[in-house]
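Accompanying notes for the structure given below.
To find a chain, count down the sequence lines: A is the first, B the second, and so on, and within it residues start at 1.
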Number of protein chains: 2
Amino acid sequence: MSVQERKQRERADRERLIVATARELAEQQGWDAVTTRRLAERIQYSQPVLYSHFRGKREIIGAVALEGAAEMASAVRAAASAADGPRTRVTALARTYLEFAERNPAVYDAMFQLDGGLAFAHEDTPEPLKDAFAALLESLGEVAGDGVHPGLFTEVFWAALHGLATLTRAGRLPPEETGRRVELLVDRLAVV
Amino acid sequence: MSVQERKQRERADRERLIVATARELAEQQGWDAVTTRRLAERIQYSQPVLYSHFRGKREIIGAVALEGAAEMASAVRAAASAADGPRTRVTALARTYLEFAERNPAVYDAMFQLDGGLAFAHEDTPEPLKDAFAALLESLGEVAGDGVHPGLFTEVFWAALHGLATLTRAGRLPPEETGRRVELLVDRLAVV
DNA sequence: GATTCGATCCTAGCAGCGCTAGACATTCGA
DNA sequence: TCGAATGTCTAGCGCTGCTAGGATCGAATC
């Protein structure tokens, strides 16, 4: 059995290598540069090997997205727990979210801009995605205000952050004012 | 000279045909289906003809985006002028914006999701794009609140709408609650 | 009216894409 | 030690955006 175990472990290692390499390449040169040929070359295997781990490129993007969701969830929770008071917590959350998007643009794209073949807003939504939303909800639920459903409030707040993140990165919004936009957003949306 | 004029007119007609066909095809089957070959076939010319009008596919997307921006601007202005009172106006604006995105997903993608090679937030931003932002500003500036820069407020409100539009269409947010999200957004952001 | 010349358009092809069939080793179990 | 099963690679399919070079056609000139 030990031989099989070793093989399984090696396979799992290789799968992680694929995802990490895809992410690295995407972060360096954008997702357009992540072709199956280049990816295969970087991991020093032939193209078909990729297809023995993933159904296709889409699934590789999806794997990067799940990894990103987990990281984002923990980043948000860390920022929230370091702040005291609902208001400060929400500001920290917003800043952390936008910073994550800015620092990991390719991962953010994988999560929300590209088709990673992942289900959303359903029961069969992958756990990391649900958990990332939950991480937002934990802090945002506090400031939803009376009579407002915390989930709905979180959706709206999240959408605003997502809009800021994507429009800024696409050059639609000048990045200098990001801080003031966050301030305004928190001021108005959060009920303290 | 009349012959030259006729030729110029025919050329302009053909250019409009290309853009309209691209838009139609994108709206029917998504931008992935808009290949230069299919597009050429639909307009009954060969591929290279496309390149005598546009530098490449990106510029065709850009042309659709500009067309869309003009339409959105007039839709937003129409909705705003039909409503009386700042608060009602903003609600109408928000609904109109989201409705535009929902009814013209391919055009919306061309404007904000895809790379149409257009400049933003610069002086050399194409007029229709600046005007679309101006259309939002006209109504949103009224409810920015004292001491808040109208442009900054418009950016934040717009980002929120953009986030709602994209996340909803990508299946990240259940569409049933859109109305309540808009209500919440206007309630909190707009100062009446 | 014939001829030249320039504009216009098409055929054919390039390199690269995601993905896969089938051949080839290599390793495992009998 | 041999057959089967597993793993991997080479080669290739149909597609993409884009372009070079040749054919064709219409307008201007003699």
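A straight line from CD of B:E10 to P of C:dA7 spans 17 Å, rounded to a whole angstrom. Rounded to whole Å, the distance from CG on B:D13 to C1' on C:dT8 is 17 Å. In this structure, CG of B:L50 is placed 15 Å from C1' of C:dT8, rounded to the nearest angstrom. For the pair B:E41 CD and D:dT16 P, the computed distance is 11 Å after rounding to whole Å. Atom NE2 in B:H53 sits roughly 15 Å away from atom P in D:dC18 (whole-Å rounding).
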Donor-acceptor contacts under 3.5 Å from residues 184-192 of chain B side chains, at least two apart:
unit_1	atom_1	unit_2	atom_2	d
B:D187	OD1	B:R87	NH1	3.1
B:D187	OD1	B:R87	NH2	3.0
B:R188	NH1	A:A144	O	3.2
B:R188	NH1	A:L189	O	2.8
B:R188	NH2	A:A144	O	2.7

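Taking every heavy atom of residues 59-67 of chain A and every atom of DNA chain C, no pair lies under 4.0 Å.
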Got a list of protein N/O to nucleotides 6-8 of chain D N/O distances below 3.5 Å?
unit_1	atom_1	unit_2	atom_2	d
D:dT8	OP1	A:R14	NH1	3.0
D:dT8	OP2	A:R14	NH1	3.3
D:dT8	OP2	A:R14	NH2	3.1

Where do N or O atoms of nucleotides 16-20 of chain C meet protein N or O atoms at under 3.5 Å, pair by pair?
unit_1	atom_1	unit_2	atom_2	d
C:dC17	OP1	A:T35	OG1	3.4
C:dC17	OP1	A:R38	NH2	3.4
C:dG18	OP1	A:K57	NZ	3.2
C:dG18	OP2	A:T36	N	2.7
C:dG18	OP2	A:T36	OG1	3.0
C:dG18	N7	A:R37	NH1	3.0
C:dG18	O6	A:R37	NH2	3.0
C:dC19	OP2	A:Y51	OH	2.9
C:dC19	OP2	A:K57	N	2.8
C:dC19	O5'	A:Y51	OH	3.3
C:dC19	N4	A:Q47	OE1	2.9
C:dC19	N4	A:Q47	NE2	2.9

Please write out each protein N/O paired with an N/O of nucleotides 22-24 of chain D under 3.5 Å, distance rounded to 0.1 Å.
none

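Taking a 6.0 Å sphere around CD of B:Q29, one finds it holds more than 12 heavy atoms contributed by other residues, nucleotides or ligands.
The side-chain heavy atoms of A:F133 and A:T125, taken from C-beta on, include no pair separated by under 4.5 Å.
Residues passing the side chain to side chain donor-acceptor pair (under 3.5 Å) test with B:E24, sequence neighbours excluded: none. Applying the side chain to side chain donor-acceptor pair (under 3.5 Å) test to A:R89 and every residue at least two apart in sequence or in another chain returns A:E142. Every residue two or more places apart in sequence or in another chain that forms a side chain to side chain donor-acceptor pair (under 3.5 Å) with B:W158 is listed here: B:Y97. Under the rule for a side chain to side chain contact (heavy atoms under 4.5 Å, CB included), the partners of A:A135 that lie at least two apart in sequence or sit in another chain are A:A73, A:V76, A:R77. A:R11 is linked by a side chain to side chain donor-acceptor pair (under 3.5 Å) to nothing, counting only residues two or more places apart in sequence or in another chain.
If you look at B:H162 and B:F157, their ring centroids are not closer than 6.0 Å.
Residue pairs meeting the salt bridge (Lys or Arg N to Asp or Glu O under 4.0 Å) criterion with at least one partner in residues 65-75 of chain A, sequence neighbours excluded, are A:R23-A:E67, A:R23-A:E71. Listed by first then second residue, pairs satisfying salt bridge (Lys or Arg N to Asp or Glu O under 4.0 Å) with a partner in residues 148-165 of chain A read A:E155-B:R181, not counting sequence neighbours.
In this structure, the separation between CG on B:D109 and CH2 on B:W31 is 9.0 Å, given to the nearest 0.5 Å.
Under the 6.0 Å distance and 45° angle rule, B:R169 does not count as a cation-pi partner of B:Y108.
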